[in-house]
Enquirer: 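Dumping the structure here so I can ask a few things about it.
This is a predicted model, so every value here is computed, not measured.
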Amino acid sequence: MKFIVSSTYLLKQLQVLGGVINSSNTLPILDNFLFELSSSKLTVSASDLETTMSATLEVESDSEGSVAIPARLLLDTLKTFPEQPLTFIIEDNNTIEISSNHGKYALAYANGNEFPKAVTLDKPSTTTIIGDILATAISKTIFAAGNDDLRPVMSGVFFQFSTESLTFVATDAHKLVKYTREDVAASEVAEFIMPKKPLNLLKGILAGSEDEVIVDYNDSNAKFTFDNVELICRLIDGKYPNYDAVIPKENPNKLTIARNQFLSSVKRVSIFSNKTTHQIRLKIAGAELNISAEDIDYSNKAEERLTCDYQGDDMQIGFNSRFLTEMLNNLNSDDVQLEMSLPNRAGILTPIDGLDEGEQVTMLVMPVMLNS
């Protein structure tokens, strides 16, 4: 088995696939890339058993075969080469020899048949979505997903497909983000929960991509196919909580403010907040928003006044500044609206501008009890 491939082309593909490999694996074979050669097509795969990703590369070859090559060693070697053709020759003595313009390098390989096979999806449903739209949907929601191993359903992003729109939801019970695209639809209604790791991989690869991504899914797995890449992952099993029930419908108090000004103010004031609760207080009266924080243990306190556009009753409400900062950072509008009903009900943050047609973002943040 022998093939010739460009060093930078191979490195670029392997770096993408390398994101799948865990730093410590229970099965030693998972520390390898699987190389499967069929004449001029080389398919390279990486897996952690839950997620398998493969890329198909064009190479110069007329042989066939499959080997598992140590991922870390191969990546470290490729990073040092300038652009040049590399020749890979699989020897019979269980080593693979790489020849460059300057030298030869031999590394041990494992049998390709030991590598776990990727699952095939039985009778999947299919939806097609533009890469950049999917990447945006992931980055707008994934930060709000939880990290609690006891509640695995909340540690992923909920995909809700219908014939009118696609909706993506993430929550950790303190904050919730719902992202909807009405300019994209599925052929049938479907719901599934995607884990974070494959979503982070997709987000990195697809940002800015105009390519179509074909999403196949059934009850247990999802497959994303685009360009020369295929990613298959196991879905999170369980029922997603009824998120619509927690979004307050009647919110008579509406605050409109410049996002950057609000964000800077919250960041500054929160430096002086209690280090465990991160609590800041918003006091709104007329056209004035007063943001304050206090850490009684250290006698630290801060207060800022901002002008805003406000319709509603005067009110005081407390929020965890970390959640508020994260949400404001994930919006790219100039102005935002914060809708509230009561100091003990969730506040709803939405962008006023900067959205594409058919795009909607709703962010919900739970209040913290104010100690008056």
Side-chain angles (χ1 to χ4, degrees), residues 5 9-38 41-59 64-75 78 109-129 131 134-135 138 142 145 152 155-157 159 190 192-207 209 211-237:
V5 64
Y9 171 56
L10 180 61
L11 175 63
K12 192 176 159 201
Q13 301 292 337
L14 293 187
Q15 281 175 322
V16 169
L17 298 174
V20 176
I21 300 173
N22 291 332
S23 49
S24 57
N25 284 308
T26 44
L27 295 175
I29 192 75
L30 297 177
D31 295 328
N32 296 276
F33 287 121
L34 174 66
F35 277 58
E36 294 172 292
L37 184 64
S38 173
K41 289 230 176 304
L42 172 69
T43 304
V44 185
S45 308
S47 176
D48 67 356
L49 293 183
E50 299 280 320
T51 305
T52 302
M53 191 162 156
S54 55
T56 306
L57 289 70
E58 294 290 332
V59 295
E64 295 192 348
S66 76
V67 291
I69 304 177
R72 179 82 354 253
L73 191 58
L74 185 57
L75 280 170
L78 290 173
Y109 68 82
N111 187 338
N113 298 332
E114 292 174 25
F115 203 84
K117 293 272 176 282
V119 291
T120 48
L121 275 69
D122 295 331
K123 300 185 186 141
S125 308
T126 301
T127 299
T128 305
I129 181 169
L134 182 58
I138 295 168
I142 199 165
S155 68
V157 174
F159 280 43
F192 54 91
I193 308 168
M194 277 286 296
K196 270 188 199 169
K197 182 176 173 178
L199 287 179
N200 274 318
L201 291 167
L202 288 169
K203 181 178 85 168
I205 306 166
L206 294 172
S209 161
D211 291 337
E212 285 194 336
V213 179
I214 300 165
V215 188
D216 297 307
Y217 44 90
N218 59 16
D219 292 342
S220 50
N221 295 283
K223 178 168 89 169
F224 296 80
T225 313
F226 51 93
D227 205 8
N228 63 331
V229 177
E230 186 177 283
L231 182 145
I232 299 177
C233 69
R234 188 175 302 163
L235 299 172
I236 295 175
D237 193 26

Enquirer: Is a side-chain donor-acceptor pair under 3.5 Å present for K41 with N228?
Expert: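 No pair is found: no donor N or O on one side chain lies under 3.5 Å from an acceptor on the other.
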
Enquirer: Is F115 close to S47 at the side-chain level, that is, under 4.5 Å between some pair of heavy atoms?
Expert: yes

Enquirer: For N22, I'd like to know if atom CG has over 12 heavy atoms of other residues, nucleotides or ligands within 6.0 Å.
Expert: yes

Enquirer: Picking from L74, V5, L75, what satisfies side-chain contact (heavy atoms from CB on, under 4.5 Å) with L11?
Expert: L75

Enquirer: Any heavy-atom pair between the side chains of E36 and S45 that's under 4.5 Å?
Expert: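 When only atoms from C-beta onward are counted, E36 and S45 do touch, with a gap below 4.5 Å.
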
Enquirer: What are the two closest non-hydrogen atoms of I142 and V157, and how far apart are they?
Expert: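 Closest heavy-atom pair between I142 and V157: CA-CG2, 4.1 Å.
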
Enquirer: Just verifying a value: how many Å separate N221 CG and E50 CD, rounded to the nearest 0.5 Å?
Expert: 9.5 Å

Enquirer: Heavy atoms, side chains only, cut-off 4.5 Å: are V213 and V215 in contact?
Expert: yes

Enquirer: Is it true that, when you exclude E212 itself, more than 12 heavy atoms of the residues, nucleotides or ligands shown sit nearer than 6.0 Å to its CD?
Expert: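 No, CD of E212 has 12 or fewer neighbouring heavy atoms, counting only those of other groups under 6.0 Å.
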
Enquirer: Under a 4.5 Å cut-off applied to non-hydrogen side-chain atoms, are L202 and I138 in contact?
Expert: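 Yes, close enough: below the 4.5 Å cut-off.
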
Enquirer: Please report the shortest heavy-atom distance between N218 and L235, naming the atom on each side.
Expert: O-CD1, 3.4 Å

Enquirer: Roughly how far apart are T128 OG1 and I214 CD1, rounded to 0.5 Å?
Expert: 5.5 Å

Enquirer: How long is the straight-line distance from NZ of K123 back to CG of D219, given to the nearest 0.5 Å?
Expert: 11.5 Å

Enquirer: Would you compute the distance between atom CG of D216 and atom OG1 of T225 and round it to the nearest 0.5 angstrom?
Expert: 5.5 Å

Enquirer: I'd like to check L30 versus L49 (side-chain heavy atoms, cut-off strictly below 4.5 Å). Are they in contact?
Expert: yes

Enquirer: For a quick test of reading the model, state the closest non-hydrogen atom pair linking E58 to Y9 and the distance between them.
Expert: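 Distance-wise, the nearest heavy atoms are N-OH, 3.1 Å.
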
Enquirer: Check whether the side chains of Y217 and T126 place a donor and an acceptor atom closer than 3.5 Å, and report yes or no.
Expert: no

Enquirer: Taking the side chain as every heavy atom from C-beta outward, state whether I232 and K223 have any atom pair closer than 4.5 Å.
Expert: yes

Enquirer: I need the minimum non-hydrogen distance between S209 and D211, along with the two atoms involved.
Expert: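 Minimum heavy-atom contact is OG-N, 3.1 Å.
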
Enquirer: With I205, which residues qualify under side chain to side chain contact (heavy atoms under 4.5 Å, CB included), at least two apart?
Expert: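 Side chain to side chain contact (heavy atoms under 4.5 Å, CB included) check on I205 returns V16, M53, F226.
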
Enquirer: Is there a side-chain contact between L34 and V44, using heavy atoms and a 4.5 Å cut-off?
Expert: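 Contact flag for L34/V44 side chains = no.
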
Enquirer: Looking at every non-hydrogen atom in both residues, tell me the closest pair between I21 and D31 and how far apart they are.
Expert: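 For I21 versus D31, the nearest heavy atoms are CG2-CA, 4.4 Å.
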
Enquirer: Please determine whether the number of non-hydrogen atoms from other residues, nucleotides or ligands lying under 6.0 Å from atom CG of N25 exceeds 12.
Expert: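 Yes - once you tally the heavy atoms of other residues, nucleotides and ligands closer than 6.0 Å, there are more than 12.
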
Enquirer: Can you give me the closest heavy-atom contact between A55 and L17, atom names plus distance?
Expert: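 Shortest heavy-atom separation between A55 and L17 comes out as N-CD2, 4.1 Å.
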
Enquirer: Using 0.5 Å steps for rounding, measure from the CG atom of D122 to the OG atom of S220.
Expert: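 D122 CG to S220 OG: 8.0 Å, rounded to 0.5 Å.
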
